[in-house]
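Letters A, B, ... are given to chains in the order of the sequence lines, protein chains preceding strands, and every chain is numbered from 1.
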Amino acid sequence: MEIGIIAEGKGDCAVLKNILMGLLDLDEEDIRFLRPDFNMDNTDKAAYESMPLSEFSTWTLVKKDCEEHNKFRSFLDNPIAGERYIIIQIDTAECEEKGYDIQRADKKNPDYCEQLRQAVKGKIDEWLQNKWADQIHYAICIEEMEAWIHTLYEKRNTSIPVKAKEAFQKCLAKHLKTNKKLARQFQKNQRTEFIKADFLSKKFRKKKELMKALEQNQSLKTFVLSF
Amino acid sequence: MEIGIIAEGKGDCAVLKNILMGLLDLDEEDIRFLRPDFNMDNTDKAAYESMPLSEFSTWTLVKKDCEEHNKFRSFLDNPIAGERYIIIQIDTAECEEKGYDIQRADKKNPDYCEQLRQAVKGKIDEWLQNKWADQIHYAICIEEMEAWIHTLYEKRNTSIPVKAKEAFQKCLAKHLKTNKKLARQFQKNQRTEFIKADFLSKKFRKKKELMKALEQNQSLKTFVLSF
Amino acid sequence: MLQRLRIRNFKSIYDETIELGRFNVFIGENGSGKTNVLEALGMASAASENKLSNDELALRGIRVAKPTITFSSFLKEKQVKAIDLELLIKTEDNLNVNISNQLTTENINDIFSKWTLKDGILSIEDEGKPISLVPYYESILQTNTFDFLTRAFLPLMRNYSTPEKLQRFLIEQVNTLLPKTFIRSIQLDLYKIYNLSTQTLRGIDGKSRAIPGIQGENLDRLIESFDKKERELLEEYAYFIDWLEKIEIDKEDRHKSDGHKLDMSTSILYFRDKYMQRKNNRFSAENANEGVLHILFYLALFISRHTSKFFAIDNIETALNPELCKKLVEQLVKLSTKTNRQVLITTHSPSVLDGLNLYDDEQRLFKVYRNKKGHTKVKRIQLKPNQEFNGQQFKLSELWMRNYIGGIPQNL
Amino acid sequence: MLQRLRIRNFKSIYDETIELGRFNVFIGENGSGKTNVLEALGMASAASENKLSNDELALRGIRVAKPTITFSSFLKEKQVKAIDLELLIKTEDNLNVNISNQLTTENINDIFSKWTLKDGILSIEDEGKPISLVPYYESILQTNTFDFLTRAFLPLMRNYSTPEKLQRFLIEQVNTLLPKTFIRSIQLDLYKIYNLSTQTLRGIDGKSRAIPGIQGENLDRLIESFDKKERELLEEYAYFIDWLEKIEIDKEDRHKSDGHKLDMSTSILYFRDKYMQRKNNRFSAENANEGVLHILFYLALFISRHTSKFFAIDNIETALNPELCKKLVEQLVKLSTKTNRQVLITTHSPSVLDGLNLYDDEQRLFKVYRNKKGHTKVKRIQLKPNQEFNGQQFKLSELWMRNYIGGIPQNL
């Protein structure tokens with residue numbers, strides 16, 4: 001089985017990779033990063049980097065990939081045999097922006113997570129024109145991927161996080177302060193966004209840890225159970 | 001200056017290449033064969049060769065390229081600097097087939113060639129949706145490319161040929177019979193369609209020969225004068 | 001044909017089975033273990049002929065290392081002190097012969113320690129049904145081998161109190177001959193790993209006296225040995241080198257004194273360039289461009305009646321323009337059928353993939369990678385059945401480069 | 001920086017001018033003349049130091065051939081018996097210095113015939129305005145050189161009846177020094193063409209005592225010479241090799257007796273593999289995979305403070321996975337700015353193109369091809385100005401492979 005990942009960031013790719021390794025016992029080789037483009041050529045990269053930031057808020061690029069179908073066609077419909085799936089990862093943090101167009105429900109609603117997830121899933125299906133439905137898994141993070149990683153560092157439910165990034169950073173800082181070995185290793189794994197996130201979410205590679213973690217986050221659980 | 005060629009066959013590519021070398025003093029390196037695909041991969045080639053012949057009458061592939069725009073976009077709109085043109089070559093022999101949809105005028109009409117050419121040109125523009133108009137040259141052979149090559153072997157007007165292929169083959173056979181050196185060299189140049197046609201149309205590389213030849217064929221002349 | 005190869009406990013290969021075709025191409029990251037696959041087969045080949053000395057291994061292109069690092073040595077795994085190689089050979093009369101080779105060594109800390117082979121036939125099957133080895137023993141016992149054996153073992157007769165015991169002993173002896181016979185039937189005993197060096201092709205620095213050697217030694221002599229038919233076949237491919245007018249073998253090394261070589265090259269191979277003035281158009285191998293030397297070597301290797309039917313090539317793309325390389329591979333595939341070769345080839349060139357027709361089951365593509373434990377894995381890349389023709393939309397080279405196949409580092 | 005190179009009458013190059021950047025990549029068919037471009041510059045380099053013996057040329061990576069085939073010899077062209085090389089150097093204080101080199105030889109039929117250089121400054125320009133050489137003469141005449149010259153030429157004094165005549169003579173002498181001074185200022189005098197051989201990188205078969213040699217000799221000694229800063233910089237790139245835990249230099253060659261090498265390798269370079277058990281995880285260069293050796297060589301070449309600021313690499317892709325090769329080139333580009341190198345690189349790998357950023361004028365891509373007369377032509381591949389970002393639609397590697405750029409055989 002091979003799984004392609006279309007995600008908002010390279011860090012997200014690393015986290016999903018670790019989850020898949022733990023969940024399905026996959027090797028890194030079985031997981032292909034399709035977005036962001038790790039293999040972009042340098043001429044294009046230079047052009048890309050000179051683009052005004054507003055043009056490529058990361059969810060818009062995920063949306064673009066979904067609408068254009070190219071990556072899906074190339075990965076799922078190419079002539080090479082084998083069972084293949086694509087995971088689409090998207091945060092809900094910016095879901096009310098123009099083009100994403102999703103209205104958040106009241107956070108107090110007990111079905112908040114599931115409702116929001118369903119709305120985003122519906123939106124993705126719309127972008128994809130309902131194609132490849134059997135081969136898609138939805139990694140919809142409420143509200144940010146950091147809420148998923150957070151579960152590895154603190155016994156607390158992060159399903160409906162408030163400022164997920166900040167909360168996780170605060171928790172991590174505490175750990176780094178008290179755990180010298182962790183701090184040393186963390187220091188060594190800073191070269192790229194991918195490496196950083198890969199290091200921080202390494203524990204997902206162990207199925208037991210993963211299963212424990214998903215009890216603390218509803219959207220992570222829904223994603224994992226979709227397999 | 002670089003010129004891409006989209007033609008019905010590899011032989012046609014060779015003839016056009018020689019004409020361009022004579023006319024514009026180009027090197028082979030300045031001429032890119034875009035259709036037929038000389039660089040197709042072998043897996044695809046195998047699939048291609050197993051296709052029923054009816055699906056790829058050669059003019060239909062030229063039409064397909066024109067309609068799909070990919071080759072035009074990749075060659076003319078790619079980020080590499082330089083003056084670039086594309087030559088579209090097509091025979092009129094099959095112009096009344098379905099999809100080509102051109103009605104031939106009466107061959108006795110003195111404007112037969114020009115009218116037919118205009119009709120085919122119009123058809124190509126339609127396929128292209130009038131895009132890249134300034135960068136296209138039309139190599140429209142009335143009725144077949146052989147009529148153009150024929151001019152190098154016989155002093156006779158081949159503008160409105162009857163059975164161009166057969167007429168040229170007959171003329172060539174005569175030459176091969178009487179000219180032993182030619183026959184020997186011809187024998188050596190049989191490996192591919194391209195090499196065969198390249199050999200037979202070699203004289204076009206000399207501007208003087210080309211200029212003499214075009215007086216014997218209206219559609220060749222119109223093509224050459226379009227530069 | 002070697003149909004299946006199972007490798008256990010050799011360098012980075014923990015336990016891997018590969019189903020081979022005629023023309024087998026391996027891609028993968030640096031360090032994934034591609035060359036180890038070629039070398040494992042080399043060990044089986046060398047073992048079958050008891051040519052396991054370091055020199056003999058090196059001449060086949062195997063990088064000799066200390067046994068402690070020749071046996072796999074993964075974290076959290078106990079090191080097993082034996083290499084296990086299992087070969088499934090399909091004979092010309094369609095038997096499937098399963099052979100096991102086990103290689104051990106006395107002192108695993110000593111790079112000079114001698115290797116010992118324990119081999120045997122595991123099974124022989126005819127259309128899936130196991131067949132008894134007895135007829136094989138009989139056929140061997142009926143030949144000169146039997147006379148030889150009887151005579152050889154006559155002095156030992158007294159040790160075998162019953163005919164049954166002697167028979168059992170003889171069968172054991174025959175048993176050790178059998179695997180070698182099958183290995184020879186596919187010329188796996190002559191297997192080598194070619195990895196060309198331009199300098200060696202030029203006739204400089206060569207170390208092997210083999211015709212040809214693994215780094216390209218003695219290409220001139222290989223071509224010199226061609227008969228008329230081979231020569232003609234070779235010349236059919238002259239079109240690969242646009243400028244090539246003629247290949248010359250200077251048997252008496254006469255041009256040497258004309259100042260064509262700096263006396264460093266021992267090669268007597270010359271080329272004539274059709275774009276140059278006739279008086280100045282002769283190039284020695286020492287001065288020729290490297291492309292022509294590499295192409296010529298591969299063609300000669302596949303054409304010669306003297307070269308093995310079974311060999312490997314490491315890095316076939318070296319020094320070759322990608323499109324040229326693709327066309328070369330396309331022709332080598334054809335030659336491999338024509339001259340009945342089985343080959344294993346590694347490459348880093350995407351274009352090589354485009355030279356293959358994966359709809360043909362004899363042409364196989366494998367990706368080699370390390371799994372999360374660091375073990376080398378080999379996975380065949382196959383096409384979906386009945387894939388429709390899709391108008392060039394998916395070129396294998398591009399699928400590879402765009403990361404839809406794997407076998408490239410994703411996170412550098 | 002060398003800004004422009006004009007080559008006339010050298011091997012397949014009839015008359016060609018190349019405008020160079022800092023990091024220059026050349027692609028093209030086999031036999032198009034890529035290596036000849038690198039060699040022409042090598043001739044200029046060797047000539048400037050009067051190191052034109054066959055041995056000296058070979059040590060720079062130039063294939064020495066008979067003068068009759070070293071001079072161009074095209075059909076329908078009279079052979080000119082001189083190689084003309086013109087160099088435009090931009091100095092650090094922004095002068096443009098135009099130097100001419102003409103190489104001739106006594107006996108064009110003799111491969112051992114000595115080469116003779118005639119060189120001179122054609123012009124020096126400051127912001128486009130020609131400036132007089134006089135201040136340069138003066139500055140040289142004011143230095144020790146002048147004392148030396150005076151003393152050296154004292155005995156000749158009597159031959160120059162007037163001070164003007166002596167001055168003219170001295171200026172002539174200085175004139176021959178000047179080109180060399182400028183050539184040295186960009187370290188073109190130390191120029192070599194690297195073309196790596198895996199065997200040599202392993203410490204086997206090396207021929208050069210240079211650190212490093214052109215085929216990869218003495219990589220171990222090069223790394224040994226690193227100071228702390230260089231070592232740290234090198235280690236920053238360890239991520240290129242997934243399994244690499246540590247690079248070791250075994251100064252006293254102690255591990256040799258541990259059986260790590262078959263005594264063939266002279267290299268004292270070792271690697272530790274992080275996936276293997278600590279007691280069995282040390283590999284000698286002799287046993288390491290070839291990828292790590294090639295990568296390490298290029299990194300060390302660009303990092304070392306001892307290597308030349310100006311060099312060439314032939315076939316940089318050899319033995320490297322395409323994606324790895326791309327990332328390597330990307331980093332070498334950065335290093336070339338950081339450590340102030342100017343380099344010429346040939347490749348057959350499409351991925352190398354993707355490692356370049358052609359929007360940066362310091363990174364240049366050239367295609368090399370033969371025109372209809374057989375002459376080598378070198379054409380820069382530039383981007384359109386203000387090209388919009390086009391979302392990966394046009395990857396250079398794919399444009400090349402799909403035949404939109406040229407530099408591949410179209411009709412094999």
Side-chain angles (χ1 to χ4, degrees), chain C residues 28-31 35 54 58 63-66 68-69 73-75 79 109-112 195 197-199 205 215 239-243 259-262 275-277 280-281 283 286-287 289-292 315 317-325 327 348-351 374 397-398 401 408-409 412, chain D residues 28-31 35 54 58 63-66 68-69 73-75 79 109-112 195 197-199 205 215 239-243 259-262 275-277 280-281 283 286-287 289-292 315 317-325 327 348-351 374 397-398 401 408-409 412:
Chain C
E29 295 186 39
N30 288 100
T35 308
N54 287 341
R63 293 160 300 175
V64 182
K66 266 171 91 148
T68 45
I69 56 174
S73 169
F74 294 104
L75 291 175
Q79 193 175 42
N109 284 306
D110 181 2
I111 196 172
F112 299 103
N195 193 349
S197 138
T198 304
Q199 285 296 90
D205 290 345
Q215 292 186 51
Y239 67 85
F240 270 123
I241 304 123
D242 171 55
W243 53 266
H260 275 289
K261 303 187 288 186
L262 260 174
Y275 292 118
M276 297 226 144
Q277 295 165 18
N280 294 332
N281 79 345
F283 287 88
E286 186 181 320
N287 285 309
N289 86 62
E290 49 188 3
V292 65
N315 297 331
E317 77 285 359
T318 302
L320 297 177
N321 177 284
E323 181 65 20
L324 179 68
C325 196
K327 298 284 182 174
H348 288 300
S349 166
S351 323
S397 57
E398 291 181 7
M401 284 306 84
I408 59 170
L412 279 179
Chain D
E29 296 187 37
N30 288 101
T35 308
N54 288 340
R63 294 160 300 175
V64 181
K66 265 171 92 148
T68 46
I69 56 174
S73 167
F74 294 105
L75 291 175
Q79 194 175 42
N109 284 306
D110 182 3
I111 197 172
F112 299 102
N195 191 350
S197 138
T198 304
Q199 285 296 91
D205 290 346
Q215 292 187 51
Y239 67 85
F240 270 123
I241 304 124
D242 170 54
W243 53 265
H260 275 289
K261 302 187 287 185
L262 259 173
Y275 292 119
M276 297 224 144
Q277 294 165 18
N280 294 331
N281 79 346
F283 288 87
E286 186 181 320
N287 285 309
N289 87 63
E290 48 189 2
V292 66
N315 297 329
E317 78 285 0
T318 301
L320 297 178
N321 178 284
E323 181 64 20
L324 178 67
C325 196
K327 299 282 183 176
H348 287 300
S349 166
S351 324
S397 57
E398 291 182 7
M401 284 304 84
I408 59 169
L412 279 179

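Pairing each heavy atom of G31(D) with each of N289(C), the nearest pair is CA-ND2, 3.5 Å. Nearest approach of M401(C) to P322(D), heavy atoms of both residues: CE-CG, 3.5 Å.
Of the listed residues S73(D), G291(D), G28(D), the one with more heavy-atom pairs under 4.5 angstrom with chain C than any other is S73(D). The greatest number of non-hydrogen atom pairs below 4.5 Å with chain C, out of T318(D), I241(D), N287(D), is found for N287(D). Ranked by heavy-atom pairs under 4.5 Å with chain D, the list P350(C), A319(C), G374(C) is led by A319(C).
For S197(C), no part lies near chain D; criterion is any non-hydrogen pair under 4.5 Å. Only the side chain of Q215(D) comes within contact range of chain C, with heavy atoms under 4.5 Å apart. Using a 4.5 Å cut-off between heavy atoms, D110(C) makes no contact with chain D at all. Neither the backbone nor the side chain of S349(C) comes within less than 4.5 Å of any heavy atom of chain D. The parts of Q79(C) that come within reach of chain D are both its backbone and its side chain, each placing non-hydrogen atoms under 4.5 angstrom from that chain. Looking at N109(D), the atoms closer than 4.5 Å to chain C (heavy atoms on both sides) all sit in the backbone: N, CA, C or O. For S351(C), the part lying near chain D is the side chain, with the backbone staying farther off; criterion is any non-hydrogen pair under 4.5 Å.
Considering CD1 of I69(D) and CE of M276(C), their distance stands at 8.5 Å, rounded to 0.5 Å. Here the CD atom belonging to E317(C) is positioned 7.5 Å from the CD atom belonging to E317(D), to the nearest 0.5 angstrom. Taking CG of N280(D) as the reference point, atom NZ of K66(C) lies at 7.5 Å (rounded to 0.5 Å).
Counting only distance, with no hydrogens or angles, the side chain of N321(C) and the backbone of H348(D) share no donor-acceptor pair below 3.5 Å. In this structure, Q277(C) contributes its side chain and F74(D) its backbone to a donor-acceptor pair below 3.5 Å.
N30(D) is listed as a side-chain neighbour of L320(C), based on a closest heavy-atom distance under 4.5 Å.
Defined by atom type and a distance below 3.5 Å, a donor-acceptor pair is present between the side-chain atoms of N315(D) and E290(C).
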